[in-house]
There are 2 protein chains.
Amino acid sequence: MKKKPKFIQNNVNENQESEKKKKILTSAIKIIGDKGYQNATIAEIAKDAGIGDATIYEYFKSKEDLLLAIPVEITKELIPLINDHMMGIKGALNKLRKFIWWWLNYVEKNPGYGSIVLLELKTSKTYVFNEAYQAARNFYKIVLDIIKEGQEEGSIKKEINIFLARSICVGAIEHIIIRWLLKDRKYSLTQYADELADLLINSLKKNEPNISNKHL
Amino acid sequence: MKKKPKFIQNNVNENQESEKKKKILTSAIKIIGDKGYQNATIAEIAKDAGIGDATIYEYFKSKEDLLLAIPVEITKELIPLINDHMMGIKGALNKLRKFIWWWLNYVEKNPGYGSIVLLELKTSKTYVFNEAYQAARNFYKIVLDIIKEGQEEGSIKKEINIFLARSICVGAIEHIIIRWLLKDRKYSLTQYADELADLLINSLKKNEPNISNKHL
DNA sequence: TCTTATCTCGAATAAAATTCGGAAATTTCA
DNA sequence: TGAAATTTCCGAATTTTATTCGAGATAAGA
């Protein structure tokens, strides 16, 4: 651990994310994702991270601050990841299908993260004013961009309000995920990806008259 | 307060819902709906209800039990109310439109209830095993029934998976409500009803070939 | 009016978050 | 290299809240 320049906050070195901070976050995701924010105790998170309770407060202002730091951290890693997966896919509707699949798949493999973002986070009164909210917005923005792209390339109806379209896509995906999180999580989430994508794409895409009418 | 028949539970009179219990619930909706479950204290709820803290525990096992009792109580009143509004409306798609409007309107007028049901409830570990979850299911079932009806009468595509269709409708509505709840709640929610209904109806309804193709 | 079963709540208890003060570790620089 | 300065860490005390206890208040029936 190296020394930082003279005048520093009263807090721990913030840049280059000390390993300890990462370890706390990892333990927090594990414990909170598993038992929920309510039932997770600072003592247990500290124990899992192999440090004393008080040390957590060197890195996070409060338990709530720790909760809010989770999506900020993870989303930072997530957005490049999904963008990477999106590369080489042509056409907004194909991208939308891929995005749906990717998201369901990610939550299925990381239910703790899904549980925190979709269930725990929104009860925090300060959520909207925190950068956690910005992180979520950046994530949703991917869907919005896909819809815009589709309207530009002519595959998605121009008359649709893009924000409403995003609400339908994001709302449907989240609703399916939330049901899964609340249930036993035994069945596969990704199995819904294709059918859901079909339905959403069908409601957004511009009908091609020459094709859809050839049977008349 | 009248005496109840001989052998009673170790608890307070459960039938005919004593006014005190109702008063506690009313205060709980007010305080929890406003500050959130976390920040609402039993002391404050008790004070608002004009009783001592300990009295709450005569009517509810715990703070969580009190939270879970709220949707059970309210949904009991809500379902007859919405069914009443639905009467006389012909056609599944018209019912869906009305349902969307009604729901958005109800939450706009009762944001405390909306906040509890959509934001606070889902973090409770016991939610799924509680009758609160059943109450929510009964509410969603209205949408499912509308979709079934639409498929039977031929206004909604038969090939759509009804559960997925419900997820899209409920998910979209809830997503719009949640954004509103998290923001300042200053703008009108019901303003979205029509456009949202258009979009959802459009994605579910069976296209009538003779009409959609007459311009060819 | 007296007895008994409820109801109510002030005060004690318990559990968990947060703060405090100083010890341990690390860094600086003479 | 050594010791002062700075930073990190944490055990123990404090604070905040939910929950329980037990005694007094209230009503019903004899």
Side-chain angles (χ1 to χ4, degrees), chain A residues 1-25 27-28 31-32 34-69 120 123-126, chain B residues 1-25 27-28 31-32 35-70 120 123-126:
Chain A
M1 232 155 281
K2 50 174 72 87
K3 192 70 182 302
K4 60 237 56 170
K6 291 303 147 59
F7 308 103
I8 312 214
Q9 293 80 326
N10 54 352
N11 219 341
V12 180
N13 187 355
E14 283 296 336
N15 48 354
Q16 63 187 10
E17 298 287 38
S18 75
E19 296 80 53
K20 194 148 294 189
K21 186 168 184 176
K22 281 230 176 81
K23 213 189 287 180
I24 296 172
L25 277 170
S27 297
I31 310 284
I32 297 178
D34 181 42
K35 330 182 103 179
Y37 180 73
Q38 295 282 331
N39 301 102
T41 67
I42 290 288
E44 190 173 3
I45 293 169
K47 194 178 169 193
D48 187 274
I51 58 172
D53 300 16
T55 305
I56 288 182
Y57 290 88
E58 301 292 336
Y59 294 89
F60 302 95
K61 272 196 288 295
S62 63
K63 189 184 174 189
E64 187 178 39
D65 188 49
L66 172 56
L67 174 72
L68 290 168
E120 305 294 339
T123 70
S124 162
K125 275 289 136 179
T126 49
Chain B
M1 233 155 280
K2 51 175 72 88
K3 195 71 180 302
K4 58 237 56 171
K6 293 301 150 59
F7 307 102
I8 312 214
Q9 293 80 325
N10 55 352
N11 219 341
V12 180
N13 188 356
E14 283 296 336
N15 47 354
Q16 61 186 13
E17 296 288 37
S18 75
E19 297 78 55
K20 196 149 290 187
K21 186 169 185 177
K22 281 231 175 83
K23 213 189 287 178
I24 296 172
L25 276 170
S27 297
I31 310 285
I32 297 178
K35 329 182 103 178
Y37 179 73
Q38 292 284 327
N39 302 102
T41 66
I42 289 290
E44 190 173 3
I45 294 169
K47 193 177 170 194
D48 187 274
I51 58 173
D53 300 15
T55 305
I56 287 182
Y57 290 88
E58 303 291 335
Y59 295 89
F60 302 95
K61 273 197 287 295
S62 63
K63 188 184 175 190
E64 188 179 37
D65 188 49
L66 171 57
L67 173 71
L68 291 168
I70 292 170
E120 305 294 339
T123 70
S124 162
K125 276 289 138 180
T126 50

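Order of the sequence lines sets the chain letters (A, B, ...), proteins ahead of strands, with each chain counted from 1. Only heavy atoms go into these numbers, but all of them, side chains included; no hydrogens, no water, no symmetry mates.
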Between D:dT7 (P) and A:Lys21 (NZ): distance, integer Å | 17 Å
Just list the side-chain donor-acceptor pairs under 3.5 Å for residues 42-54 of chain B, sequence neighbours left out, or say none.
residue : atom : partner : partner atom : Å
B:Glu44 : OE1  : B:Lys35 : NZ           : 3.1
B:Glu44 : OE2  : B:Lys35 : NZ           : 3.3
B:Asp48 : OD1  : B:Ser27 : OG           : 2.7
B:Asp48 : OD2  : B:Lys30 : NZ           : 2.8

In whole Å, what is the span from the CG atom of A:Asn39 to the P atom of C:dA16?
-> 10 Å
For A:Ile24 and D:dT8, what is the distance between atoms CD1 and P respectively, to the nearest whole Å?
-> 12 Å
Side chain B:Lys125, main chain A:Gln38, donor-acceptor under 3.5 Å | no
Taking atom C1' of D:dT8 as reference, at what distance in whole Å does atom NZ of A:Lys23 sit?
-> 14 Å
Taking atom P of C:dT18 as reference, at what distance in whole Å does atom CG of A:Leu66 sit?
-> 10 Å
Would you check if A:Ile31 and A:Asn39 make a side-chain contact, meaning some heavy-atom pair closer than 4.5 Å?
-> no
Protein-nucleotide distance (A:Ile51, atom CD1; D:dG11, atom C1'), rounded to Å | 14 Å
Roughly how many Å is it from CD1 in A:Ile56 to C1' in D:dC10, rounded to a whole number?
-> 12 Å
Letter per nucleotide, 5' to 3', of nucleotides 16-22 of chain D [B base touched, S only sugar-phosphate touched, - untouched; heavy atoms, 4.0 Å] | -SSBBB-
D:dC10 C1' sits how many Å from A:Lys47 NZ, rounded?
-> 16 Å
By side-chain contact (heavy atoms from CB on, under 4.5 Å), which residues pair with B:Thr123, not counting sequence neighbours?
-> A:Glu120, A:Thr123
A:Tyr37 to A:Lys63 - nearest heavy-atom pair and separation = O-NZ, 2.8 Å
May I ask you to establish whether B:Lys22 and B:Tyr59 are in a cation-pi arrangement, using a distance under 6.0 Å from NZ or CZ to the six-membered ring centre and at most 45° from the ring axis?
-> no
